[in-house]
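Input: a single structure, listed below in structure tokens.
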2 protein chains.
Amino acid sequence: MSVVLPSSARRVPCEQCPLRTMAQFRAFEPAELKFVSSFKTGELQAETGATLLSEGAHSAHLYTVLSGWAFRYKLLPDGRRQILNYMLPGDLVGLQGSVIGEMQHSVEALSPLVLCVFQRDRLDTLFRNHPGLGFDITWLAAREERMLDDHLLSLGRRTAIERAAYLLAFLHQRAASVGLSATSRLHIPISQLHVADTLGLSIVHTNKTLRKLAERQYIRWLDRACEVLDVEGLMAVAGWEGLPDIKRPLI
Amino acid sequence: MSVVLPSSARRVPCEQCPLRTMAQFRAFEPAELKFVSSFKTGELQAETGATLLSEGAHSAHLYTVLSGWAFRYKLLPDGRRQILNYMLPGDLVGLQGSVIGEMQHSVEALSPLVLCVFQRDRLDTLFRNHPGLGFDITWLAAREERMLDDHLLSLGRRTAIERAAYLLAFLHQRAASVGLSATSRLHIPISQLHVADTLGLSIVHTNKTLRKLAERQYIRWLDRACEVLDVEGLMAVAGWEGLPDIKRPLI
DNA sequence: CGAGTTTTTGAGACCAATCAAGTCTCGTGG
DNA sequence: CCACGAGACTTGATTGGTCTCAAAAACTCG
């Protein structure tokens with residue numbers, strides 16, 4: 001298993017953050033931006049497959065994804081794995097650990113990853129001096145809760161093909177919302193094993209299910225990646241409305 | 001479908017809140033307590049089966065459960081229902097709606113319910129003037145996220161009997177932690193249909209699964225209620241460690 | 001008492017898991 | 001340059017867990 005690289009020198013100043021200019025994100029007060037800039041202590045790079053945070057660890061850090069994909073998961077004692085959600089640029093990583101204490105899930109990089117590193121012990125200063133940012137963190141926690149609600153609905157009440165369609169439409173939409181489709185054709189960097197462990201299905205059945213979606217021309221499966229050809233089609237199969245298009249905060 | 005009763009006169013002053021004396025909850029600064037007291041505008045009583053909040057509604061309120069049980073759920077377009085989580089005394093209700101805007105799930109009372117009603121539009125004042133309380137709300141959101149993570153693991157990777165054992169152990173522990181077992185024998189006020197819609201199983205298979213747990217003397221099923229006889233046994237079946245025993249905030 | 005839930009049980013169908021190979025690609029080392 | 005092993009994806013056969021259909025029994029409430 002590959003390891004996280006040591007924290008490298010700071011590269012991107014918050015004032016010139018490439019994410020902050022995107023329409024998707026809420027504008028900041030100058031004072032807030034200045035604080036966030038001081039809140040950030042550096043950047044961390046991780047390669048594909050690196051474990052960023054481990055279940056049970058206490059020394060959790062707080063990060064925001066600057067670029068790349070990651071996912072978080074839990075294991076059962078006998079090794080069965082459940083992927084809980086995915087992280088894309090602009091998403092907070094490690095909030096549960098920072099707020100409550102112990103991490104109860106692990107986080108792994110799905111692609112080369114760059115993270116902004118924050119000083120967890122200054123979180124109280126953030127809440128004290130910048131209530132707007134405190135509210136933003138709550139907002140992001142509520143957003144995560146919503147995504148989990150959707151996943152729960154999917155695992156509990158959707159059939160295999162509906163679940164698969166939902167997941168791929170969901171990931172496609174999230175990626176598109178942070179501009180990942182603008183540059184080139186959007187490829188979701190997951191293997192079928194990731195899909196299986198997200199949907200609660202076996203790898204074999206996942207393969208047969210994805211195959212059906214591919215036959216209908218909704219997706220195309222590449223090696224360790226998925227290309228969505230018809231989001232509308234996927235959403236129709238899943239009976240999913242899509243994510244609400246709301247401006248969101250970026251810490 | 002029964003309806004929520006009109007907001008009644010205030011009964012319990014926050015300074016004499018029966019929950020606040022429990023060891024489970026974190027102590028408050030006097031100033032915080034005073035603010036919360038002014039933040040609370042009254043109480044709301046709901047009868048069993050009443051819908052407190054509806055998916056899609058914008059005029060969501062913010063509540064804390066004072067006594068009783070509730071649950072939140074989502075529906076698929078064709079009516080399939082997934083129960084997402086349960087609410088017990090001390091739990092916030094309607095945070096997603098208050099923070100983000102639109103509710104994307106509904107909330108229904110499982111038993112006669114008393115709620116503290118808060119002024120949603122003073123939430124920003126709370127964050128501005130009482131950063132500790134702002135942090136507490138984030139803490140509670142992170143806690144909910146954790147519970148959802150556990151449920152997701154359950155739906156995705158546990159077998160039917162493991163899921164059932166996990167759910168009942170989980171609910172038993174939560175109820176015990178807010179003192180519901182102290183008075184009398186603890187009865188979880190849910191029907192097998194609720195269990196089915198929580199576990200993502202059919203009602204028929206749920207019945208057969210619960211029957212197995214009852215045969216092993218882990219639970220006893222009463223009419224529309226479950227009595228847990230052996231939590232340890234349930235936890236062993238589920239391979240579940242139990243909830244961490246941490247002091248938590250009470251808004 | 002009668003109507004409507006809730007719980008129970010059985011039978012058959014179907015969806016998804018497991019078992020078992022087999023192909024491809026890629027990277028490594030002889 | 002080729003042999004080899006590890007991952008990732010495919011495919012078919014078989015098994016088994018869960019669903020649906022159907023109906024009845026138990027219980028609640030008005």
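Every chain is numbered from 1, with letters handed out A, B, ... down the list of sequences. Since the structure is predicted, the reported quantities are computational estimates derived from the model, not experimental observations.
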Which whole-number value in Å describes the distance from [X] [atom1] to [N] [atom2]?
| X | N | atom1 | atom2 | result |
| --- | --- | --- | --- | --- |
| B/Trp221 | D/dA25 | CH2 | P | 23 Å |
| B/Glu215 | C/dT9 | CD | P | 9 Å |
| B/Leu193 | C/dG4 | CG | C1' | 14 Å |
| A/Ile190 | D/dA8 | CD1 | C1' | 13 Å |
| B/Lys212 | C/dT7 | NZ | P | 18 Å |
| B/Asp197 | C/dT6 | CG | P | 11 Å |
| A/Ile203 | D/dC9 | CD1 | C1' | 8 Å |
| A/His205 | D/dT15 | NE2 | P | 19 Å |

Legend entry - Polar contact flag, side-chain donor to acceptor under 3.5 angstrom, B/Asp149-A/Gln104: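 Their side chains do not contain a donor-acceptor pair, so the 3.5 Å distance test is not met.
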Inset, instruction - Tell me which nucleotide among D/dG12, D/dT20, C/dA16 gets nearest to the side chain of A/Ala160. - result: C/dA16
Inset, instruction - Side chain of B/Arg224 only, please: which of D/dG12, D/dT28, D/dA8 is the nearest? - result: D/dT28
Short side-chain N/O contact to [N] OP1/OP2 from [X], under 4.0 Å:
| X | N | result |
| --- | --- | --- |
| B/Gln192 | C/dT8 | yes |
| A/Asn207 | D/dT10 | yes |
| B/Arg211 | C/dT7 | no |

Inset, instruction - Provide the closest heavy-atom pair for B/Arg146 versus A/Gln96 in the form atom of the first, atom of the second, distance. - result: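 Residues B/Arg146 and A/Gln96, closest heavy atoms: CG-OE1, 2.8 Å.
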Legend entry - Lys/Arg-Asp/Glu bridge criterion (N-O < 4.0 Å) met for B/Arg143, B/Asp91: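 Looking at B/Arg143 and B/Asp91, the cut-off is met.
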When all nucleic acid strands are considered with a 4.0 Å heavy-atom cut-off, which category describes [X]: base, sugar-phosphate, or nothing?
| X | answer |
| --- | --- |
| A/Ser191 | sugar-phosphate |
| B/Leu201 | sugar-phosphate |
| B/Asp223 | sugar-phosphate |

Inset, instruction - Could you walk me through whether A/Ser154 and A/His151 pass the side-chain hydrogen bond (donor to acceptor under 3.5 Å, both in side chains) test, one step at a time? - result: CA-CA 5 Å; A/Ser154 206; A/His151 296 172; over 6 Å; no
Inset, instruction - By nearest nucleotide on DNA chain D, pick out whichever of A/Ala225 and B/Thr159 is the more 5' one. - result: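 Looking at the nearest nucleotide for each, A/Ala225 comes out on the 5' side.
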Legend entry - B/Arg158 to B/Tyr166, cation-pi by 6.0 Å centre distance and 45° axis angle: yes
Inset, instruction - Let me know, please, whether B/Lys208 or B/Leu222 comes out on the 5' side of the other along DNA chain C by nearest nucleotide. - result: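 Looking at the nearest nucleotide for each, B/Leu222 comes out on the 5' side.
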